[in-house]
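In listed order, ligands and their atoms are each counted from 1. One-based numbering along the sequence shown. This structure is a prediction, so every number in the text was calculated from the model and none was measured.
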Amino acid sequence: MSARRAVVILDFDGTLAPIVASPQASALARPARATLARLAASPRARVAVVSGRALSDLQRRVGLAGLVYGGCHGLEVAGDGWRFRHPRARTRALAGARRALAAGAARLPGARVEWKGLAVALHYRRVPAARRPAVRALVRELERRLPGLAVIPGNRVYDFVPRVGWDKGMAARWIARRARAELGGPPAVLYAGDDTTDEAAFRRLRRSGVTIRVGGGPTAAEFALRSVADVHALLGWLARALG
Ligand SMILES: [Mg+2]
């Protein structure tokens with residue numbers, strides 16, 4: 001790599017860890033963790049993982065001290081001396097959504113509500129197909145009742161977040177700027193993700209960074225990698241190049 005410094009921003013599910021049937025079972029392979037640790041240890045690299053997961057969940061799953069973590073689609077960022085919480089992200093409307101979702105989920109067998117601190121999620125992977133329209137109706141009703149919240153559809157999940165004009169793209173750009181100051185010069189910025197929520201980052205970074213879509217599908221990213229294994233291989237190459 002010709003650039004002497006790099007900011008590597010990665011999604012977690014479907015990018016660093018394979019998608020599995022239950023999000024609670026999702027895990028980072030041990031060799032990949034070692035590669036990430038090696039890359040993060042380079043004084044010329046800053047590694048960040050940004051996800052829709054709760055910050056603490058993400059930190060626990062990756063389990064490395066030298067990384068920066070962005071939870072709840074980047075509304076909260078922490079790790080290795082970093083601490084950010086979106087100043088306009090309030091939890092009051094979220095608490096209302098949590099109560100309403102819990103009441104709605106009680107009528108939907110298989111639905112699960114997860115409180116993430118700056119987001120509340122409705123997981124519907126285990127809801128039978130025949131009841132999925134009821135899931136969508138519940139989400140639409142809450143969207144109407146709680147205009148202060150935005151709904152982010154994900155992989156068999158709806159995330160309710162404070163409507164503050166923030167997304168993974170804004171978070172990625174914020175991380176890249178701050179890392180630039182830390183690294184003492186302009187870095188190459190690399191962003192890899194597999195989901196529709198990563199498209200915001202592809203659009204924001206397309207001109208200034210290396211954007212990589214993992215898996216198929218239409219994308220704003222400039223490059224594509226086929227699988228999580230390919231991401232791991234790329235990280236290995238980066239760790240060697242910047243180590
Ligand atoms: Mg993903």
Side-chain angles (χ1 to χ4, degrees), residues 7-29 32-33 35-36 39 47-64 67-77 79 112 114 116-126 150-161 166-176 189-206 209-235 238:
V7 185
V8 181
I9 308 170
L10 305 155
D11 166 51
F12 184 73
D13 293 275
T15 301
L16 278 175
I19 300 280
V20 288
S22 161
Q24 285 138 303
S26 179
L28 182 62
R33 180 173 288 114
T35 305
L36 271 181
L39 182 58
V47 181
V49 184
V50 180
S51 165
R53 287 182 180 271
L55 180 60
S56 56
D57 177 6
L58 186 63
Q59 284 174 312
R60 196 173 54 245
R61 256 166 236 280
V62 178
L64 290 168
L67 268 62
V68 167
Y69 296 91
C72 296
H73 304 274
L75 284 165
E76 239 184 324
V77 180
R112 184 169 68 85
E114 182 193 3
K116 300 181 181 180
L118 285 183
V120 58
L122 177 64
H123 295 271
Y124 61 92
R125 184 178 298 277
R126 293 176 198 283
V151 179
I152 303 175
N155 192 356
R156 305 281 193 272
V157 62
Y158 288 103
D159 274 326
F160 290 75
V161 297
W166 198 250
D167 55 30
K168 282 174 119 179
M170 301 284 281
R173 209 173 51 176
W174 183 87
I175 288 167
V189 178
L190 183 148
Y191 186 103
D194 73 309
D195 206 345
T196 50
T197 56
D198 298 304
E199 292 294 328
F202 298 149
R203 285 191 298 270
R204 288 213 186 267
L205 298 173
R206 195 186 154 89
V210 178
T211 48
I212 303 168
R213 166 85 177 213
V214 184
T219 179
E222 196 175 355
F223 301 100
L225 283 176
R226 219 168 333 157
S227 65
V228 168
D230 288 350
V231 174
H232 293 170
L234 173 65
L235 293 175
L238 280 170

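Residue D13 approaches the Mg ion (ligand 1) most closely through its N/O/S atom O.
Residues D195 and K168 are not paired through a salt bridge, judged by the lack of any N-O separation under 4.0 Å between the basic side chain and the carboxylate.
Rounding to the nearest 10°, we obtain 80° for the angle at the Mg ion (ligand 1) between D11 OD2 and D194 OD1.
Around atom CZ of R126, no more than 12 heavy atoms belonging to other residues, nucleotides or ligands sit under 6.0 Å away.
Note on D195: not counted as a metal contact of the Mg ion (ligand 1), no N/O/S atom lying under 2.8 Å.
In this structure, V231 and I212 have side chains that are not in contact, with every pair of non-hydrogen atoms separated by 4.5 Å or more.
Between F202 and Y191, the ring planes lie perpendicular to each other; the angle is over 60°, past the 30° to 60° tilted range.
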